[in-house]
2 protein chains.
Amino acid sequence: MSPQEQPVKEQRRTRQRAAVDEVLDETEDFISAQDLHAILRTRGMSVGLATVYRTLQTLADDGRVDVLRTAGGEAAYRRCARDEHHHHMVCRSCGATVEIAGPAVERWTNSVAKEHGYVDVSHTLEIFGTCPRCAAQSGGPAGR
Amino acid sequence: MSPQEQPVKEQRRTRQRAAVDEVLDETEDFISAQDLHAILRTRGMSVGLATVYRTLQTLADDGRVDVLRTAGGEAAYRRCARDEHHHHMVCRSCGATVEIAGPAVERWTNSVAKEHGYVDVSHTLEIFGTCPRCAAQSGGPAGR
DNA sequence: GACCTTTTGACAATGGTTGTCATGCTACAT
DNA sequence: ATGTAGCATGACAACCATTGTCAAAAGGTC
Ligand SMILES: [Zn+2]
Ligand SMILES: [Zn+2]
Ligand SMILES: [Zn+2]
Ligand SMILES: [Zn+2]
């Protein structure tokens, strides 16, 4: 997997990129470009929306942040603790995210791909649910 | 999983829905609402775009077609052979789709969820790659 | 056919994302 | 420090998939 490791193209240090970076560092949950931009505005930091989009996209391309598509189809970004390939379990209600690694799943996808002759494979795997905190809050003992 | 099975709300039979249904029956690969609409136009069948969207959404809600989000974020639909829960391996180049079922993966997601106290969980899992045919065509022996 | 309800479709509106391009700034050499 | 070359930025337009609107059309029923 990942045959050609991009050397992560050299990038210039700019105020805007630092700002985006900072928000990402402080944010536990996945965040959309729009929301990140809103936060920057709130803080009085002026950064163009297009720049936020570009910056996040670049970070994602370089594998420096993880991306996932929300149910609504929007892209959401997150700086993750571990660097290796992994997946996420996200709370639908509060966004609480747990990073999960499943070697077995990775093996399985590879074997399935090989079995059918598919090459250059990648995959997406996300788990959505309600985290314990949110479940306790709204669900009560006899949930739903 | 799926505690409340919707009895699939009664629907009226209309020319438009039949048309969409027919295309879905003939189409092996995942297809977007836009593309399906285009096909209908090609065939001279006049069906409003909004209607195509509504019809596909309804079918998806009723679980009569599977949905996935393309890399570009568009929704794509497909009538699948098996009725039970399963996933897909899709060719990035030609769209060739293989239905795959992985009991182990299902068990794994459930155990992970339980382990972290997440409830009411669902998941998405898609494999993308290049099918044997497309690989042979463009890739050649010393691919890339 | 009469009648009521659902469905349709043309078009506007939405909303996330990307393209444009003149201007700004970083990095680096002088 | 100054100059320069080229990447980066931002305001705004453009895109494009998807959804909302609502009067007109069609399905189902008696
Ligand atoms: Zn939560
Ligand atoms: Zn994986
Ligand atoms: Zn193919
Ligand atoms: Zn599954």
Side-chain angles (χ1 to χ4, degrees), chain A residues 6-24 27 29-62 64-78 95, chain B residues 6-24 27 29-62 64-78 95:
Chain A
Q6 289 281 5
V8 175
K9 180 167 181 205
E10 193 56 39
Q11 304 233 151
R12 292 183 178 175
R13 264 61 60 117
T14 69
R15 173 179 64 78
Q16 293 82 342
R17 284 180 190 169
V20 169
D21 237 63
E22 193 181 316
V23 174
L24 284 174
T27 308
D29 308 335
F30 278 87
I31 186 174
S32 70
Q34 300 274 356
D35 288 349
L36 201 159
H37 178 247
I39 290 180
L40 289 176
R41 304 218 88 223
T42 296
R43 298 189 182 178
M45 311 210 51
S46 175
V47 178
L49 178 57
T51 300
V52 173
Y53 270 101
R54 278 186 297 241
T55 303
L56 288 174
Q57 193 135 81
T58 301
L59 287 173
D61 288 345
D62 293 351
R64 295 216 284 261
V65 297
D66 283 353
V67 200
L68 66 74
R69 291 217 168 250
T70 68
E74 316 158 48
Y77 305 82
R78 178 179 194 263
Chain B
Q6 289 281 5
V8 176
K9 182 172 180 201
E10 191 58 36
Q11 306 229 151
R12 290 184 179 172
R13 257 57 66 138
T14 69
R15 172 179 63 80
Q16 293 83 342
R17 294 217 246 251
V20 170
D21 237 62
E22 192 182 317
V23 174
L24 284 175
T27 308
D29 308 336
F30 279 87
I31 185 173
S32 71
Q34 300 276 357
D35 288 349
L36 202 159
H37 178 248
I39 289 180
L40 289 177
R41 302 218 90 222
T42 295
R43 298 190 185 178
M45 311 211 49
S46 174
V47 178
L49 178 58
T51 299
V52 173
Y53 270 101
R54 277 185 299 241
T55 303
L56 287 175
Q57 194 135 79
T58 300
L59 287 174
D61 289 346
D62 292 351
R64 294 215 286 260
V65 297
D66 283 353
V67 200
L68 66 73
R69 291 215 168 252
T70 68
E74 315 159 48
Y77 306 81
R78 177 179 194 263

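Below, chains carry the letters A, B, ... as their sequence lines are ordered, and counting in each starts from 1.
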*Please name all residues satisfying side-chain hydrogen bond (donor to acceptor under 3.5 Å, both in side chains) with Gln34(B), sequence neighbours left out, ordered by chain then number.*
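side-chain hydrogen bond (donor to acceptor under 3.5 Å, both in side chains) check on Gln34(B) returns Tyr53(B).
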Listing time: all N or O pairs from protein to nucleotides 20-23 of chain C that are below 3.5 Å?
none

Taking [atom1] from [X] and [atom2] from [N], how many angstroms apart are they, rounded to a whole number?
X        : N       : atom1 : atom2 : result
Leu49(A) : dT9(D)  : CG    : C1'   : 12 Å
Gln57(A) : dT18(C) : CD    : C1'   : 9 Å
Arg69(A) : dT18(D) : CZ    : P     : 11 Å

*Begin from the C-alpha positions of Leu40(A) and Gln16(A) and carry the test side chain to side chain contact (heavy atoms under 4.5 Å, CB included) through to its verdict.*
CA-CA 10 Å; Leu40(A) 289 176; Gln16(A) 293 82 342; over 6 Å; no
_Can you pull out every salt bridge (charged side-chain N to carboxylate O under 4.0 Å, His left out) where at least one residue sits in residues 48-58 of chain A? Sequence neighbours excluded, please._
none
*Pairs meeting criterion salt bridge (charged side-chain N to carboxylate O under 4.0 Å, His left out) with involvement of residues 31-45 of chain B, two or more places apart*: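 Those involving residues 31-45 of chain B are Glu22(B)-Arg43(B), Glu26(B)-Arg43(B).
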*Please give the angle, rounded to 10 degrees, between the axes at the start and the end of the helix from dG1(C)-dC30(D) to dT30(C)-dA1(D), where five pairs define each axis.*
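It comes to 30° between the two terminal axes.
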What are the two closest non-hydrogen atoms of [X] and [Y], and how far apart are they?
X        : Y        : answer
Val52(A) : Ala33(A) : CG1-O, 3.7 Å
Arg69(A) : Thr70(B) : NE-O, 4.5 Å
Ser32(B) : Glu74(B) : CB-OE1, 4.4 Å

_Walk me through whether Thr55(B) and Asp21(B) qualify under side chain to side chain contact (heavy atoms under 4.5 Å, CB included)._
CA-CA 9 Å; Thr55(B) 303; Asp21(B) 237 62; 5.7 Å; no
Dump every N/O contact between nucleotides 25-29 of chain D and the protein below 3.5 Å, one line per pair.
unit_1, atom_1, unit_2, atom_2, d
dG27(D), N2, Arg12(B), NH2, 3.1
dG27(D), N3, Arg12(B), NH1, 3.4
dG28(D), OP1, Arg13(B), N, 3.4

*Can you name the residues that form a ring-ring contact (aromatic ring centres under 6.0 Å, His included) with Phe30(A), not counting sequence neighbours?*
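Partners of Phe30(A) by the ring-ring contact (aromatic ring centres under 6.0 Å, His included) criterion, ordered by chain and then number, come out as His88(A).
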*asked:* What residues from residues 70-77 of chain B pass a heavy-atom cutoff of under 4.0 Å to DNA chain D?
replied: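 Those residues whose heavy atoms fall under 4.0 Å from DNA chain D, taken from residues 70-77 of chain B in numerical order, are Glu74(B), Ala75(B).
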_Trace of the side chain to side chain contact (heavy atoms under 4.5 Å, CB included) decision for Thr14(B) with Thr51(B)_ = CA-CA 11 Å; Thr14(B) 69; Thr51(B) 299; over 6 Å; no
*Is there a side-chain contact between Thr27(B) and Leu36(B) (heavy atoms, below 4.5 Å)?*
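Counting from C-beta outward, Thr27(B) and Leu36(B) never come under 4.5 Å.
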*Any side-chain heavy atom of Ile31(B) within less than 4.5 Å of one from Ile39(B)?*
yes
*Does any residue of residues 30-39 of chain A have a heavy atom under 4.0 Å from DNA chain C, and if so, which ones, in number order?*
Gln34(A)
With sequence neighbours excluded, what pairs up with [X] under the side-chain contact (heavy atoms from CB on, under 4.5 Å) test?
X        : result
Gln11(A) : Arg17(A), Thr58(A), Asp62(A)
Ser46(B) : none
Ala60(A) : Val65(A), Val67(A), Tyr77(A)

_Looking at dT19(D), I'd like to know if its phosphate oxygens (OP1 or OP2) sit under 4.0 Å from a side-chain N or O belonging to Tyr53(B)._
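It does not, given that no N or O in the side chain of Tyr53(B) lies less than 4.0 Å from OP1 or OP2 of dT19(D).
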